[in-house]
Amino acid sequence: MVTIDQAGSLPLERPCKKCNKQEATHVSRTEAVCPDCFTQYIYSKGVRQIGIVGKETQPPHGAPISRRYILGLSLGTSSTVLLHIVNGYVDAIISKGRRSPFDLDVVCVDASISDHPNELLETTLNTYRKRYPSLNLEIIPLFAVLGIPSIDWSALPSLKQDATPAEQLRDLFERLPSATSRADILRLFIRHLLIHTALSRNCQAVLFGHSTTTLGALTLAETAKGRGFSLPWQINDGVLPVEDFSSPPDPSAEKKSIRVHYPLRELYRKELDTYTTLTDPPLADIIPPEEVVDKANAVVSHRDLSIDEVMDKYFADVEENYPSIVANVVRTTAKLSRIDAEDRCGICGMTLDELGDERWKGEIGDDAGEAATGRSRLCYGCERSVHG
Ligand SMILES: [Zn+2]
Ligand SMILES: [Zn+2]
């Protein structure tokens, strides 16, 4: 059968399985599709999840609509795609003459830990600002994490006296026992800082760009680090209670919580990579090369691999041949229920497994954390990251 293209003249060699109007150039899951149908699929998957966040943050009936979210921008492919999709979604609503469904602060955490402004990061962000002039894009230095109440600072190495915040944070990272520890604490600090910023601005949600692949790698890395118990709190979308470890504790302070969502959770990293080449103009043009992002990331050396990086590379390989395995890891985790416990870990803020943390220690055969004398208890994973 010969299919005729829209112009009515040239027959298509391999018509798109979805629209049948253009040449198929890509494979979307198992179907051969045209570039338009490919990008539409990615966009609609993201938009569906953003719609869910909107529903979950619906103000009470009659109250004025005011939603505010924070989007964590790492300048990698996933968070850039998320930014692009959210921007497209808001633009589409505004172009219909309706008001924007939410206010958005795009926050890029500068992990270079320096007392000087990060010019490389500023230049990169300016490219993003030109591309998305209606969005508010800002840089927050990682050392702004120092002293925030959702972390029990007494459980971490004590901060250097008479030093700038950047020096204090650098010193803290230098005293952590391994590359895995540094990568682990860095990830937790960035997450804490974004959540803290969101709470201080009365935001309802923090959006992260994690793909299925990233969430799968995170699941395995966290399990390997002994934080398996906390997975439903880390991987699933939903409300996250935020502990207050400030001392002395304020009994009148109300319990805080915030929504954390991963709107790209159903998309593979490879699909997002392809997407960045198909948007007009291509997103690939503004995403900085990995070296640029790495340079802004002084505490984790790429010469010694951390568990997170190993899992990340491993999962990128698995996805290549067995994408359904990657999706299953995330889907299975999503079925685990969140068990709420009184006690929360002083560093990652996740619930403590009353017996489980002992069990992890037993099975991994480690007792290095016993000497720790932090005020609050730590989960096995954080114990290892701080004390080795
Ligand atoms: Zn098509
Ligand atoms: Zn922990």
Side-chain angles (χ1 to χ4, degrees), residues 3-7 10 12-44 145 148-157 176-177 180-192 195 218-219 221-235 240-243 245 271 274-275 278-280 307-308 338-361 364 366 368-369 372 374-388:
T3 312
I4 306 301
D5 80 350
Q6 253 180 328
L10 294 168
L12 292 171
E13 267 178 32
R14 195 169 164 234
C16 167
K17 282 273 192 298
K18 281 198 175 138
C19 67
N20 217 20
K21 287 176 186 154
Q22 290 192 74
E23 205 71 68
T25 48
H26 292 82
V27 177
S28 175
R29 306 292 154 123
T30 53
E31 280 181 338
V33 296
C34 70
D36 287 351
C37 290
F38 186 94
T39 49
Q40 188 50 42
Y41 173 78
I42 304 291
Y43 180 75
S44 57
V145 77
I148 68 173
S150 57
I151 296 171
D152 180 0
W153 292 93
S154 70
L156 282 153
L176 295 175
T180 292
S181 304
R182 283 187 286 275
D184 187 45
I185 298 294
L186 175 65
R187 189 181 69 77
L188 292 173
F189 276 9
I190 291 175
R191 190 179 156 98
H192 273 290
I195 289 174
L218 184 61
T219 301
E222 288 298 280
T223 307
K225 283 185 258 172
R227 240 187 242 123
F229 185 77
S230 74
L231 282 173
W233 295 96
Q234 288 205 65
I235 307 289
L240 193 73
V242 182
E243 202 64 39
F245 291 101
E271 293 179 314
T274 306
Y275 184 79
L278 297 176
T279 55
D280 182 27
I307 287 182
D308 299 80
R338 293 175 159 192
I339 299 166
D340 209 352
E342 274 290 289
D343 280 344
R344 288 185 167 264
C345 168
I347 295 179
C348 67
M350 305 298 165
T351 48
L352 289 164
D353 180 0
E354 293 303 329
L355 297 167
D357 288 319
E358 291 305 316
R359 201 160 55 219
W360 280 109
K361 276 183 197 169
I364 303 180
D366 179 83
R375 268 188 305 123
S376 64
R377 287 176 54 209
L378 299 183
C379 72
Y380 179 75
C382 289
E383 191 73 61
R384 285 277 305 234
S385 273
V386 176
H387 303 283

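Keep in mind that this is a model prediction, so the values were computed, not measured. Counting convention: from 1, in listed order, for ligands and their atoms alike.
- With sequence neighbours left out, the side chain to side chain donor-acceptor pair (under 3.5 Å) criterion links Arg187 to Glu222, Gln234.
- For Arg344 (side chain) and Gly349 (main-chain N/O), a donor-acceptor pair under 3.5 Å exists by modelled atom type.
- Taking every heavy atom of both residues into account, Cys379 and Cys345 meet most closely at N-SG, 3.3 Å.
- Proximity of a side-chain donor or acceptor of Gln22 to a complementary backbone N or O of Cys16 within less than 3.5 Å is not detected.
- Around the Zn ion (ligand 1), the protein atoms of type N, O or S found under 2.8 Å away are Cys16 SG, Cys19 SG, Cys34 SG, Cys37 SG, listed by chain and number.
- For the residue pair Leu240 and Trp233, the shortest heavy atom distance occurs at CD1-O, 3.6 Å.
- The pair Asp184-Arg227 counts as a salt bridge, with a side-chain nitrogen and a carboxylate oxygen less than 4.0 angstrom apart.
- At a cut-off of 2.8 Å, measuring from the Zn ion (ligand 2), the protein N, O or S atoms that fall short of it are Cys345 SG, Cys348 SG, Cys379 SG, Cys382 SG, waters left aside.
- Checked against ring-ring contact (aromatic ring centres under 6.0 Å, His included), His192 has no partners two or more places apart in sequence or in another chain.
- Closest non-hydrogen pair, Phe38 versus Tyr275, comes out as CE2-N, 4.0 Å.
- Using a 4.0 Å cut-off between charged nitrogen and carboxylate oxygen, Glu383 and Arg377 do not count as a salt-bridge pair.
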